[in-house]
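Structure record follows, encoded as structure tokens.
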Amino acid sequence: MPVIVGIIPSEVLNNAIKIPVLGLGSLNCFDEAGSTTQSVKDAIDLGYRHFDINPKIETDVGVAISAKIKEGVVKREELYLVGKLYDTKAFHNPALLKEAVMTTLRNLNVAYIDMYFIHCPEGDVFSGEAFTDTWNELEILVDNFVVKSIGLSNFSVEQLQNVLIASRVSPTVNQIECNPYFTQRALREFCAQKRILISALNIFGTPALLEDPLIVELAKKYKRTPELILLRYQIEKGHIAVAEVQNKSDLMSHLDAFKFEINNSDISEMDKLDRHKLYI
């Protein structure tokens, strides 16, 4: 039986459901055959329970989940699985939304999804009305217990307002790029007012951020790596941190983020690094 070496705490969404504060992300799909499945298995063994899943690797993730449930390492209800609406045909065609969600369920081999996002509202074909129509269809999936929570990804304040006006089920999360070089303060403050939790992507920013003198100085001060300083930054902000890691050693090292704290003055200094520039 694998030994779980870390326990990841949770935040509470506005619908009272808990979500682990550290998730294993998969925005950039792994290249090597079988690597996704093995990475997810390793993560589950180490205590990870939150998986943010790119549709391209849903089947690989599903294989890992099924194997670990069969082994008795984890129960389905202990996992937090996030699916995303990437299909351009379904994105703004509410009639196709349920089919997209059902495909995710089949690929993951599960009966429900813990969180489902509308992803990336950008491009000429996107309109406020399309967002709200799609959102209303997602609400029906919540009513039918197919999806427990629904959220958004990369939505601006204006786009969030459009959804909020038309919604009866509030968005629980807005997933955005967030790191000290791109803090998105105004958007984060709006989400906090509406009790919408931030799920942070690209938390390590660019190589330049990892080598920034302040980050390097704080890494020495707290006796941690620059990556752990940037991961802990998200936790101190009360965000969900989604880290894209593949190898087992990195999965293990990221659990050290729960073994130290960064003081408020150092967090404030990190905020001052903001370059107001989107990197992904």
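Annotation for Ala64 and Lys41: closest pair CB-CG, 3.8 Å, computed over non-hydrogen atoms. Considering every non-hydrogen atom in both Asn179 and Gly205, the closest pair reads ND2-CA, 3.5 Å. Minimum interatomic distance between His119 and Ser153 (heavy atoms only, all atoms of both residues): CD2-OG, 3.4 Å.
Under the 4.5 Å side-chain contact rule for hydrophobic residues, Leu81 and Val63 do not share a cluster. Clustering ILVMFWY residues whenever any of their side-chain heavy atoms sit less than 4.5 angstrom apart, transitively, puts Met102 in the very cluster that holds Phe117. Placement of Val173 and Val142 within a single hydrophobic cluster is found when ILVMFWY residues are connected by side-chain heavy-atom separations under 4.5 Å, directly or transitively. Each of Val216 and Leu230 belongs to its own hydrophobic cluster when Ile, Leu, Val, Met, Phe, Trp and Tyr are linked at side-chain heavy-atom distances under 4.5 angstrom. Trp135 and Ile140 sit in two unconnected hydrophobic clusters of ILVMFWY residues. Membership requires side-chain heavy atoms under 4.5 Å apart, directly or through other members.
A salt bridge links Lys272 with Glu269: at least one charged nitrogen is closer than 4.0 Å to a carboxylate oxygen. For the pair Asp271 and Lys237, the salt-bridge criterion is met [side-chain N within less than 4.0 Å of a carboxylate O]. A salt bridge between Asp114 and Lys18 is absent, with no side-chain N of the basic residue lying under 4.0 Å from a carboxylate O of the acidic one. A salt bridge links Arg168 with Asp143: the closest approach of a Lys/Arg side-chain nitrogen to an acidic carboxylate oxygen falls below 4.0 angstrom. Remark: Lys68 engages Glu71 in a salt bridge, criterion side-chain N to carboxylate O under 4.0 Å.
Between Tyr116 and Lys148, the closest side-chain pair of non-hydrogen atoms is not below 4.5 Å. Side-chain contact between Ile19 and Ser10 is absent, with no heavy atoms from C-beta onward closer than 4.5 Å. Ile240 is listed as a side-chain neighbour of His50, based on a closest heavy-atom distance under 4.5 Å. You'll find the side chain of Arg195 stays beyond 4.5 Å of the side chain of Ser170, heavy atoms only. You'll find the side chain of Glu244 stays beyond 4.5 Å of the side chain of Phe204, heavy atoms only. Here the side chains of Ile113 and Val146 are not in contact, with every heavy-atom distance at 4.5 Å or above. Side-chain contact between Ile215 and Leu273 is present, with heavy atoms from C-beta onward closer than 4.5 Å. Looking at Ile17 and Tyr80, their side chains come closer than 4.5 Å, going by heavy atoms from C-beta outward.
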Q: Might you work through the side chain to side chain contact (heavy atoms under 4.5 Å, CB included) test for Leu231 and Leu22, ending with a clear yes or no?
A: CA-CA 9 Å; Leu231 176 51; Leu22 176 58; 3.9 Å; yes

Q | Stepwise side chain to side chain donor-acceptor pair (under 3.5 Å) check, Asn136 with Asp133 | A | CA-CA 5 Å; Asn136 294 152; Asp133 287 349; over 6 Å; no

Q: Please test Glu177 against Ile203 for side chain to side chain contact (heavy atoms under 4.5 Å, CB included), starting from the C-alpha separation and ending with a verdict.
A: CA-CA 7 Å; Glu177 179 178 356; Ile203 60 176; over 6 Å; no

Q: Evaluate side chain to side chain contact (heavy atoms under 4.5 Å, CB included) for Asn202 paired with Phe182, printing each intermediate quantity in order.
A: CA-CA 10 Å; Asn202 197 28; Phe182 191 53; over 6 Å; no

Q | Check against side chain to side chain contact (heavy atoms under 4.5 Å, CB included), Val61 and Leu108 | A | CA-CA 7 Å; Val61 174; Leu108 294 176; 4.1 Å; yes

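If you check the side chains of Asn109 and Ser66, you find a donor sitting under 3.5 Å from an acceptor. No side-chain donor-acceptor contact under 3.5 Å links Thr172 and Asn14. Side-chain contact, Tyr112 with Asn144: no donor N or O sits under 3.5 Å from an acceptor N or O. Counting only N and O atoms by type, the side chains of Glu158 and Asn162 include no donor and acceptor under 3.5 Å apart. A donor and an acceptor atom, one from each side chain of Gln159 and Ser156, are located under 3.5 Å apart. For Asp212 and Tyr181, the side-chain atoms include at least one donor-acceptor pair closer than 3.5 Å.
Atom NZ of Lys221 sits in a crowded spot, with more than 12 heavy atoms from other residues, nucleotides or ligands closer than 6.0 Å. By the neighbour-count criterion of 12 heavy atoms within 6.0 Å, atom CZ of Arg185 is sparsely surrounded, having that number or fewer from other residues, nucleotides or ligands. When the shell of 6.0 Å around CD of Glu77 is examined, it contains more than 12 heavy atoms from other residues, nucleotides or ligands.
Using the six-membered ring where Trp is involved, Tyr222 and Phe260 have ring planes that are tilted, between 30° and 60° apart.
Although no hydrogens or angles enter the test, the distance criterion places no donor-acceptor pair under 3.5 Å between the side chain of Glu137 and the main chain of Thr134.
Distance check: Leu160 CG to Cys191 SG gives 5.0 Å after rounding to the nearest 0.5 Å. The structure places CD of Gln234 at 9.5 Å from OG of Ser199, a figure rounded to the nearest 0.5 Å. Between the OG1 atom in Thr183 and the OH atom in Tyr233 there is a gap of 5.5 Å [rounded to 0.5 Å]. Taken from CG in Leu24 to CG in Asp250, the straight-line distance is 11.0 Å, to the nearest 0.5 Å. Atoms CD and CG, on Gln184 and Asp274 in that order, are 9.0 Å from each other to the nearest 0.5 Å. In this structure, CG in Asp60 is found 11.0 Å from CG in Asn54, a value given to the nearest 0.5 Å.
The only member of Leu164, Leu138, Ile150 that meets side chain to side chain contact (heavy atoms under 4.5 Å, CB included) when paired with Pro171 is Leu164. Applying the side chain to side chain contact (heavy atoms under 4.5 Å, CB included) test between Lys84 and each of Glu58, Met115, Gln175 identifies Gln175 as the sole match. The side chain to side chain contact (heavy atoms under 4.5 Å, CB included) with Leu228 is formed by just one residue from the set Leu255, Asp256, Leu218; it is Asp256.
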